[in-house]
Amino acid sequence: MKIRRVIVDLDPVPQSRAVIEAAVALAGHWEVELVGLFVENIDLLHFAGLPFAAEVGTALASRRALNVASMERLLRARARAAEQTLASIAGRAAVRWTFRVARGSAAVELLAAAADADLVIANVELVEAREVPVRVRVIRAEDADALRAALEAEPEGIVVLAGKDAARVGRTLRRLAAR
Amino acid sequence: MDRLPDIRNRALAASRLCRRCDPASLPFATTDELEDLPQVLGQGRAVSAIEFGVGIGHEGYNLFAMGPEGIGRHTIVRRYLERQTPRRDTPADWCYVFNFETPHRPRALELPAGQAAGFRQDMAQLVEDLRSGIPAAFESDEYRARQHEIEGEFNERQEQAISTIGEHAREQGIALVRTPAGFGFAPRGGDGVMKPEEFQKLPEPEQKRLGDAIGVLQEELERALHEVPKWRREAQRKLRDLNRQVTHTAVDGLIEELRAKYAVLPAVKAYLAGVQEDVLDHAEVFRQPKDGEQPTLFGLPMPLPETGESFLRRYRVNVLIEHGGADGAPIVYEDHPTHDNLVGRIEHIAQMGALVTDFTLIKAGSLHRANGGYLILDALKVLSHPLAWEALKRALHSREIRTESLGQALSLVSTSSLEPEPIPLDVKVVLVGQRLLYFLMHAYDPEFGELFKVAVDFEEDMPRADGSDLLYARMIATLARHNRLRPLDRGAVARMIEHGARDAGDAGKLSLQMRDVSDLLKESSYCAEQAGSGVVRAEDVQRAIDARVSRADRVRDRLQEAILRGTLLIDTEGARAGQVNGLAVTQLGGFTFGIPHRITARVRLGSGKVVDIERESELGGPIHSKGVLILSGFLAGRYAPNRPLSLAASLVFEQSYGGVEGDSASSAELYALLSALADAPLNQSLAVTGSVNQHGEVQAIGGVNEKIEGFFDICQARGLTGGQGVLIPASNVKHLMLRHDVVAAVAAGRFHVYPIATVDDGIEILTGMTAGSRDATGQFPAGTVNHRVERRLTGFADRARAARPGEQAGRRRPFGRRA
């Protein structure tokens, strides 16, 4: 098993924290570079550009109007937060890391990143539905056996779908790192 | 002049100057042969008062042991209390525990003696067990399954609501977009959201349709999201119920065990029920977070009321007082009776710059420790510590101990503090103090009499009756043994007994100053040790007494030296009119000594006033002034009953600069006055003490032994002539316990002690002339002292009348009006 680079999806931060920690542990274990990727969802920018764009907040259950500028600000803030989180976690583990921001569809960007890395840990859903490049294999994190097999066979272009239970995914990945 | 025969035959015999204790009368060789004295010597009144006070169980029968220092009040009280304690039950243990209903009022728990420590241990173990038992219960598969079920139900409900709306949207060609903080709606275009440029290209009606539809969907979403908090609350409630159920199962078994153990103690059982409820309410505290993760609910960190350790303090047991291993009632002596040391205190700890406290910081006071037994306190110390007396009275009145800080008691501190539940008080307090304190407190504090009904009055001395010498010897033997001193031979005991009588200032009494007796025993034993003797002999005791005197008599030596060098003028031979040797006694640091003073009188014609120079110069106290005024009464009554007393006399203690108090010099002053009036010289080789009344009777005074010895020392230093001596009131003869050297000098006829009953006796000895009494014609015989006095006073009266011509010429009218 030869892994050279791990990419971790940094959005959204609160849920992905356990995943980031696991990715840091993996990168530390394999002594490889960790790339934190934050994808600015293009759909959100399209949405914010519409004349009636408004967000209904889940906490306050009320509407507020949005425009492109405010959406960009929001995304920038989230990217900053993501970078800080990565810095704090990776900094503790003394792992070589970089941070990258991409704009587009999260699924597209992550799949594209897989062409350039050995392991991508993604938080998005529905990647499977897309057209997956030939060299890329998409595996659900719950399927630990498939993941292990893939890593042992040819550790290249693997996209792990974290799913909803970030803590559980974290545990799976850490167990993997501990082997 | 009417001369008297030799006055020396009026002197006392040497045998009457000191009541010796004959060593031969003591039926033992050394004190080792004597058994310990089981009873307290000479304190019958005090002992029966203690027995009464200790025995009576009613409220307010606390004791006040009064008497001077060194009598052995503490020892005797303690000895009697120690006899009582085994007869009484060992009191209960007391703990403070958390009050789950009102946390600022910790609850007091009573446990049978010796069980508090075990209970504390049991509670600590329970908490330990809960800390492992509760997390274990939450680790079970059943719990996880039910927790996921509840969470799943909530998530499903939420997602379903949102996906229904998403479905509505899709039907209308609109996408539900997840934004950073919520949701939004946008027209669909391709895989995702329609680009704004594309939207602008749509026909206007289509744009409007989409806009309206999105508006409706937004409202719909708002309504749906409004419901979410309610669903969350519902899920939280379900989860709480589940947690409670799980905790219940874990806690029940553990607490049930303790409940069974303490089934006979309803208060403890009730407390354990409280613990159970509280643990159920705060089960999350016992669930240790794993791997640094905080427990979460729906992905959000769950708040903890307080962090583990500090929160768990509430289940601790503060054992305030425990009597494990004790047998019977406690006896506590509090030597520092401050308010806090009596009623206990509430300590604080600094936390983030603030002072905080809880029930574990309540500390017991001596009232707690003595509860169910006896508390001995020094009255003066209690009174001299702020609010200690008030706190003691309050506790005794209310029969409960209320622990509060001084700041709280004075309402000075307003920070929140604790109000621990009061603990019922059943204690017998013994205050130990001087008599003066007892009388003052009785007079000025109305509550005192109510709370301290038993006065235990200790005697300073005991009668020296038949058999008492032997009892005293046994007491000495007991003290020597208790202090691990050398035994005393009978000579030493006899000397100790004589010293006891001298200390009492009375040949018929023996001092009960136990501290003094004990100290002298130690010092005598030391002297014996220095002399290489295995037993203490009479000479060792004497050496100890002499050493004691020589350590303390610097001032006396200086005064005697001043007299011997002629700085202080005292004659010890010759005769002089209007001048007499008076005797004063001084007490300095526990050492008492007598010293002679020259008293002089001058007389002249005047208005009947005897001027006391001491009083005029404010060097004389009121009792001294009273003595001088009595002299005027005596003079007028005896010598000038029918004429005005036309005398002006002045009396003074020569070379006295420190003030004079007492009336023991009034007879001396009278002799000086009579001598001046009669112009009859007084014998300067004699000194005088005694007070006098208006009838000329000489009355008893204090310190007679020291006074005689004071004059004797001066005479001896100058050389005893055989004519020197001291006049003392006849009523003081029974008090004589003079030093052996004085007695020896008297026995050899070189010094004399004259007992005096009346002024006439005294003046005869001092002048060597007959005093004289009125004959059948009412006149004093010519040549007697009294006759000369009367003649002088009559002469003054005649001259006074002659000096007032107006009275001879008849009464003058007021304001010069004439008839």
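Throughout, a chain's letter reflects where its sequence line sits, starting with A, and its residues are numbered from 1.
The local environment of CZ in B:R178 is sparse, with at most 12 non-hydrogen atoms from other residues, nucleotides or ligands closer than 6.0 Å. The 12-atom threshold is exceeded at CD of B:E171, counting heavy atoms of other residues, nucleotides or ligands nearer than 6.0 Å. Around CD of B:E257, the count of heavy atoms belonging to other residues, nucleotides or ligands within 6.0 Å does not exceed 12.
Options A:L66, A:V56, A:L60 differ in how many heavy-atom pairs under 4.5 Å they form with chain B, and the most are formed by A:V56.
For the residue pair A:P51 and B:F199, the shortest heavy atom distance occurs at CG-CE2, 3.4 Å. Of all heavy-atom pairs spanning B:A186 and A:L50, the tightest one is CB-CD1, 3.4 Å.
Partner of B:V193 under the side chain to side chain contact (heavy atoms under 4.5 Å, CB included) criterion, out of A:D43, A:L44, A:I42: A:D43 alone.
The stretch residues 211-229 of chain B places B:G211, B:I214, B:G215, B:Q218, B:E219, B:L221, B:E222, B:L225, B:H226 near chain A, each with some heavy atom under 4.5 Å from a heavy atom of that chain.
Using a 4.5 Å heavy-atom cutoff, the side chains of B:P187 and A:F52 are in contact.
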